[in-house]
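The first residue of the sequence shown is numbered 1, and numbering continues consecutively from there.
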Amino acid sequence: MNPTHIFYKRHSLFLNAGIVVAGTILLKMIFHLFGWEVLSANPLLSGIVGATVFLMGFLLSGVMSDYKESEKLPGDLASSIESLVDEAVIIHRSKDEKMGKTYLESLLAFSLSLEAWFHKKRKTRELMEELRNMSRFFTDFEAITQANFIARLKQEQSMLRKILIRIHTIRETSFIPSGYLIAMTTTGLLLFGLILVKMDPFYESLFFVGVIAFLLSFLLLLIRDLDNPFGYYESGSMEEISLTPLKDVITRLQSLLESVELATGQADGRP
């Protein structure tokens, strides 16, 4: 991967907040140069700053609850898929080798589709249809295994469906859109007010205006980023949930299928 892209990915929030700070300071200097600073430093200004930060804290606490829940979901997906893989291995080793191998291949295909879905290369309805089609194996398993075995498979399939719907909801739903609107409006008005306020000495005012602009813009950008913890398809997204558990499952499934292919080839006398 391009090192420049990695740097931008990890520091995009700082870079974007820095752009806001630079623009605010530039406007402050222009307004000072032309004598357009028409407001005086008022004690109410600190109150507006405090109210804006309080609003940011409210939004941040809201998105953090979803973010903490989202951290568990890829692991839960991996756990359910691993359980299905264990059942498929039992089928392959003690019941029907061909049917067990076919089921393992289906689980691998679903896992790869799931990884692509996280990057929005597959649609949700396509993934749900693929999960639903895995039920066709349950009918075939009825003739070779017990009913409680199939019940476990259906339970894990239901758990997968539940997790996928929850991830889809988190990814597609914004946390209190009106809250974002008032936060952006208040931040914009506050920064514009700081630009219009006449403060002496001037260079000290630049420093304090820059710090406030950085704090508010960084918080707002961070909240927007945390609101979608599955933003792998967004170029500027930085705070993303790790998909390592799912990738590990895919790697183990591929290795397992390779060993199954090798064992089948040896049993058939192939080199």
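- Taking all atoms of both residues into account, the shortest heavy-atom contact from P245 to P74 is CB-O, 4.1 Å.
- A salt bridge links E37 to K28: one of the charged nitrogens lies within less than 4.0 Å of a carboxylate oxygen.
- Remark: L84 CG to L104 CG distance equals 10.5 Å, nearest 0.5 Å.
- If you take CZ on R136 and OG on S106, they are separated by 5.0 Å, rounding to the nearest 0.5 Å.
- Side chain of S80 to backbone of L77: no donor-acceptor contact under 3.5 angstrom is found.
- The two residues S46 and P43 have their closest heavy-atom pair at OG-O, 2.9 Å.
- D76 is not listed as a side-chain neighbour of M159, based on a closest heavy-atom distance of 4.5 Å or more.
- Between the D225 side chain and the L221 main chain, no donor and acceptor come within less than 3.5 Å of each other.
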Side-chain donor-acceptor distances from residues 182-195 under 3.5 Å, at least two apart:
unit_1, atom_1, unit_2, atom_2, d
T185, OG1, L181, O, 2.7
T186, OG1, I182, O, 2.7
T187, OG1, A183, O, 2.7

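- Between the side chains of S174 and D227, at least one donor-acceptor pair of N or O atoms lies under 3.5 Å.
- Counting non-hydrogen atoms of neighbouring residues, nucleotides and ligands closer than 6.0 angstrom, the CE atom of M99 exceeds 12 such neighbours.
- Under a 4.0 Å N-O distance rule, the pair K154/E87 does not qualify as a salt bridge.
- In this structure the side chain of I170 reaches within 4.5 angstrom of the side chain of L73, judged on heavy atoms.
- Rounded to the nearest 0.5 Å, atoms OG (S111) and CG (D248) are 12.0 Å apart.
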For the pair I241 and Y67, evaluate side chain to side chain contact (heavy atoms under 4.5 Å, CB included) and give the outcome as yes or no after the intermediate values.
CA-CA 8 Å; I241 301 299; Y67 189 88; 3.7 Å; yes
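- Criterion: ILVMFWY side-chain heavy atoms under 4.5 Å apart, direct or through other members. Under it, F218 and M64 are part of a common hydrophobic cluster.
- Checked by atom type, the side-chain pair Q157/S135 shows a donor-acceptor distance below 3.5 Å.
- Considering only heavy atoms from C-beta on, F110 stays 4.5 Å or farther from L253 through its side chain.
- No more than 12 heavy atoms of other residues, nucleotides or ligands sit less than 6.0 Å from atom CZ of R93.
- Closest of all the heavy-atom pairs between G231 and E240 is O-OE2, 3.1 Å.
- Other residues, nucleotides and ligands contribute only 12 or fewer heavy atoms inside 6.0 Å of the NZ atom of K162.
- Considering all non-hydrogen atoms of both residues, T24 and A213 come closest at OG1-CB, 4.1 Å.
- Sequence neighbours left out, the pairs with a member in residues 132-156 that pass ring-ring contact (aromatic ring centres under 6.0 Å, His included) are Y103-F137, Y103-F141.
- At a threshold of 4.5 Å between side-chain heavy atoms, the hydrophobic network of Ile, Leu, Val, Met, Phe, Trp and Tyr places I30 and F207 in two separate groups.
- Between L164 and L114, the closest side-chain pair of non-hydrogen atoms falls below 4.5 Å.
- A heavy-atom distance below 4.5 Å is found between the side chains of H168 and W117.
- Proximity of D66 to R166: side-chain heavy atoms (C-beta onward) are separated by under 4.5 Å at one or more points.
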Under the criterion side chain to side chain contact (heavy atoms under 4.5 Å, CB included), I'd like the reasoning laid out for V53 against L216: C-alpha separation, chi angles, the key distance, then a yes or no.
CA-CA 7 Å; V53 173; L216 296 180; 4.0 Å; yes
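- At least one side-chain heavy atom of I165 sits under 4.5 Å from a side-chain heavy atom of M128.
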Going through the distances and angles, do E97 and K101 end up as a salt bridge (charged side-chain N to carboxylate O under 4.0 Å, His left out)?
CA-CA 6 Å; E97 289 187 0; K101 177 175 175 292; over 6 Å; no
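- Linking ILVMFWY residues whenever their side-chain heavy atoms come closer than 4.5 Å, directly or via other members, places M134 and I144 in the same cluster.
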Determine, stepwise, if the pair H119 / L243 fulfils side chain to side chain contact (heavy atoms under 4.5 Å, CB included).
CA-CA 11 Å; H119 293 86; L243 291 180; 4.1 Å; yes
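- Rounded to the nearest 0.5 Å, atoms CD (E126) and NZ (K121) are 14.0 Å apart.
- Here CZ of R224 is found 12.5 Å from CG of N16. Values are rounded to the nearest 0.5 Å.
- Between L107 and A88, the closest heavy-atom pair is CD1-CB, 4.2 Å.
- Between M199 and V209 there is a side-chain heavy-atom pair separated by less than 4.5 Å.
- Note: the hydrophobic cluster containing Y180 does not contain F54 (ILVMFWY, side chain heavy atoms under 4.5 Å, direct or indirect links).
- V211 and F214 fall into different hydrophobic clusters, defined by Ile, Leu, Val, Met, Phe, Trp and Tyr side-chain heavy atoms under 4.5 Å apart, directly or through other members.
- Applying the 6.0 Å contact sphere to CD of E71 captures more than 12 heavy atoms from other residues, nucleotides or ligands.
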Trace of the side chain to side chain contact (heavy atoms under 4.5 Å, CB included) decision for R171 with T124
CA-CA 11 Å; R171 188 168 68 174; T124 302; 4.1 Å; yes
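- One distance of note links NE2 of H32 with CZ of F202; it measures 4.5 Å at 0.5 Å rounding.
- One N or O on the side chain of S61 and one on the backbone of F58 form a donor-acceptor pair closer than 3.5 Å.
- Taking all atoms of both residues into account, the shortest heavy-atom contact from V249 to A78 is CG2-CB, 3.5 Å.
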